[in-house]
Amino acid sequence: MKSTLTNKYKLGFFPTPMHKLENLSKKHSDYNIYIKRDDQTGLASGGNKTRKLEYLIKEAIDTNCNVVFTAGAQQSNHCRQTAAACALADIECHIIVKGNEPEHYQGNLLLSHLLGAKIHFTNNYNKEIDYNSYIEKLEKGKKAIVVPIGGSNITGTLGYVEAMKELKLQLEEQKVKIDYLFFASSSGGTHAGIMLGMQLYNLDFELIPIKIDKDTNEKGELAEVVLNLVNEGANLLNLDRNYSLSDIPLNRNYNEADYGVLTKNEVLAVNELALTEGILLDPVYTGRAFYGMLDCLKNKKLTQKSNILFWHTGGLPALFEYAKGFK
Ligand SMILES: *Cc1c(COP(=O)(O)O)cnc(C)c1O
């Protein structure tokens with residue numbers, strides 16, 4: 001199975017750092033809090049999509065595709081990183097974003113534009129994306145591959161399987177044993193990859209994936225999406241395991257406000273980490289997930305003296321679009 005996991009195109013700088021949050025741990029003296037810095041993957045301001053795109057871009061190259069189509073929200077970190085990956089790999093990048101074209105581009109949308117992506121606005125938020133209507137318009141000689149929203153198909157998921165091997169080595173090197181892992185879960189690929197990597201590399205701790213979206217997307221409820229990905233991945237990686245829905249951890253306590261809606265919770269979390277550690281979270285994903293972790297600490301939902309890891313998945317550029325919510 002090695003060949004599947006090693007078949008990738010280099011886009012980022014790995015391993016990303018893992019370190020203790022000394023000040024925050026002092027503040028919550030019953031716990032040791034660590035952070036894994038996938039905001040530092042190095043691809044056009046970083047983020048978790050870099051790991052997925054290393055596999056997705058390789059798939060595009062291996063199937064002789066010279067055009068990538070993907071989609072997302074206007075502030076999609078995934079679209080921005082896909083645009084950067086395509087620039088690096090000399091692939092034409094089209095991103096389909098929801099809503100109307102704004103007068104001024106900001107945050108991730110601006111960066112996607114700077115990175116050369118051709119941006120198409122759907123003007124209609126709810127309609128399912130019809131990639132073929134765009135692909136049909138390509139010139140002769142161009143061959144397109146569709147990367148799903150968030151890069152969360154089985155190919156992208158492999159990025160987080162390998163991230164767990166990286167984490168395992170860091171934990172060994174630093175002689176740290178973690179008890180809980182918190183992260184933001186939205187399109188499911190990060191979540192599924194982490195679960196598969198834990199199985200493949202024999203890691204044992206409690207996962208607390210914080211559900212970001214309120215609504216169920218076209219592919220179904222998030223836990224079911226993750227379930228399908230882990231079973232597909234288990235098969236691909238020859239893992240002797242069949243997962244059921246009850247094996248998929250998912251914390252749904254913090255998604256009451258809809259996707260991308262900033263509340264006082266995310267503001268509190270972004271401020272807290274900025275002021276204690278000088279580290280910037282994003283308003284949509286990591287702000288919400290970090291708030292969930294702080295809330296669990298405050299309400300003593302975790303075993304005392306335990307070691308907690310927060311996986312920072314990036315998203316910095318979106319902060320600028322949400323400026324009004326912070327000042
Ligand atoms: C996409 C994204 C996530 C969620 O990852 P999924 O694999 O889609 O669940 C988390 N944090 C940030 C910053 C992201 O851009």
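Counting starts at 1 for both ligands and their atoms, in listed order. These numbers come from the heavy atoms of this one structure, side chains and all, not from hydrogens, waters or symmetry mates.
A 4.5 Å side-chain heavy-atom check between Leu309 and Val176 finds every atom pair outside the cut-off.
Taking all atoms of both residues into account, the shortest heavy-atom contact from Tyr243 to Asn231 is N-OD1, 2.8 Å.
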Chi angles and distances behind the salt bridge (charged side-chain N to carboxylate O under 4.0 Å, His left out) call for Lys214, Glu256:
CA-CA 6 Å; Lys214 187 167 188 210; Glu256 193 43 47; 3.4 Å; yes

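Using a 4.0 Å cut-off between charged side-chain N and carboxylate O, Lys177 and Asp179 make a salt bridge.
Rounding to the nearest 0.5 Å gives a distance of 3.5 Å between NZ of Lys142 and CD of Glu139.
Across Thr70, Ile95, Asn108, a single residue satisfies side chain to side chain contact (heavy atoms under 4.5 Å, CB included) together with His78, and that is Thr70.
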List of N/O pairs, ligand 1 versus protein, all under 3.5 Å?
| unit_1 | atom_1 | unit_2 | atom_2 | d |
| --- | --- | --- | --- | --- |
| ligand 1 | 5 (O) | Asn48 | ND2 | 3.0 |
| ligand 1 | 5 (O) | Thr190 | OG1 | 3.4 |
| ligand 1 | 7 (O) | Lys52 | NZ | 2.6 |
| ligand 1 | 7 (O) | Thr190 | N | 3.0 |
| ligand 1 | 7 (O) | Thr190 | OG1 | 2.6 |
| ligand 1 | 8 (O) | Ser187 | N | 2.9 |
| ligand 1 | 8 (O) | Ser187 | OG | 2.5 |
| ligand 1 | 9 (O) | Ser186 | N | 2.7 |
| ligand 1 | 9 (O) | Ser187 | N | 3.1 |
| ligand 1 | 9 (O) | Gly188 | N | 3.1 |
| ligand 1 | 11 (N) | Thr313 | OG1 | 2.6 |
| ligand 1 | 15 (O) | Lys49 | NZ | 2.9 |
| ligand 1 | 15 (O) | Asn77 | ND2 | 2.9 |

